[in-house]
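Input: a single structure, listed below in structure tokens.
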Amino acid sequence: MNRTHKISFRVSDYEHKLIQSKVKKSGIRMSDFCRHAVLGKEVRTVKGLDKCSYELNKIGNNLNQLTVLCHQRAVQNPNLEEMQAQLSAVLERIYITLGGDDNGDCQTD
């Protein structure tokens with residue numbers, strides 16, 4: 001998205017400290033935080049997903065490498081069961097971290 005307009009406004013020392021504290025806690029940039037706040041989007045911080053993000057990245061890299069090898073015909077019919085199990089485990093940890101129950105049931109209301 002091309003953002004060409006700049007908006008600025010003044011705040012008190014107290015407001016500045018409060019905003020900076022919330023921005024730091026959120027882990028996103030000041031401009032993104034303000035944009036979310038003004039547009040009514042929820043800014044939600046979830047701790048404990050760093051390791052999951054790292055593991056998802058590793059799984060993605062492995063899949064990309066396997067795809068390249070398959071296209072080069074160096075590997076045919078790779079066994080993806082172990083990778084699928086790893087992915088399922090990471091997704092389950094993410095689900096639980098985000099507040100899902102640990103029995104794996106998805107409930108929709």
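Quantities reported herein were computed from a predicted structural model and do not represent experimental measurements. Each residue takes its place number in the sequence, starting with 1.
- With hydrophobic clusters built from ILVMFWY side chains whose heavy atoms lie under 4.5 angstrom apart, Val38 does not share a cluster with Ile19.
- In plain terms, the two heavy atoms of Leu49 and Leu98 that are nearest each other are CD1-CD2, 4.3 Å.
- Residues Phe33 and Phe9 share a single hydrophobic cluster, defined by chaining ILVMFWY side chains whose heavy atoms lie under 4.5 Å apart.
- Distance check: Asn77 CG to Cys70 SG gives 8.0 Å after rounding to the nearest 0.5 Å.
- Atom CD of Glu81 is surrounded by 12 or fewer heavy atoms from other residues, nucleotides or ligands within 6.0 Å.
- Annotation: the span from Leu66 atom CG to Asn79 atom CG amounts to 10.0 Å, rounded to 0.5 Å.
- Among residue pairs with one or both ends in residues 48-70, those qualifying as side chain to side chain donor-acceptor pair (under 3.5 Å) are Glu55-Arg93; sequence neighbours excluded.
- Smallest separation of non-hydrogen atoms from Val43 and His36: CG2-CB, 3.6 Å.
- Going from atom CD of Gln86 over to atom OG of Ser88 covers 10.0 Å, rounded to the nearest 0.5 Å.
- The cluster map of Ile, Leu, Val, Met, Phe, Trp and Tyr, joined by side-chain heavy atoms under 4.5 Å apart, puts Leu80 and Ile59 in the same cluster.
- Distance OG/Ser31 to CD1/Ile7: 11.5 Å, rounded to 0.5 Å.
- With rounding to the nearest 0.5 Å, the separation of CD in Gln20 from CE in Met30 is 5.5 Å.
- To the nearest 0.5 Å, atoms CD1 (Ile94) and CG (Leu56) are separated by 4.5 Å.
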| Given His71 and Val68, is the side chain to side chain contact (heavy atoms under 4.5 Å, CB included) satisfied, shown in steps? | CA-CA 5 Å; His71 284 297; Val68 168; 5.8 Å; no
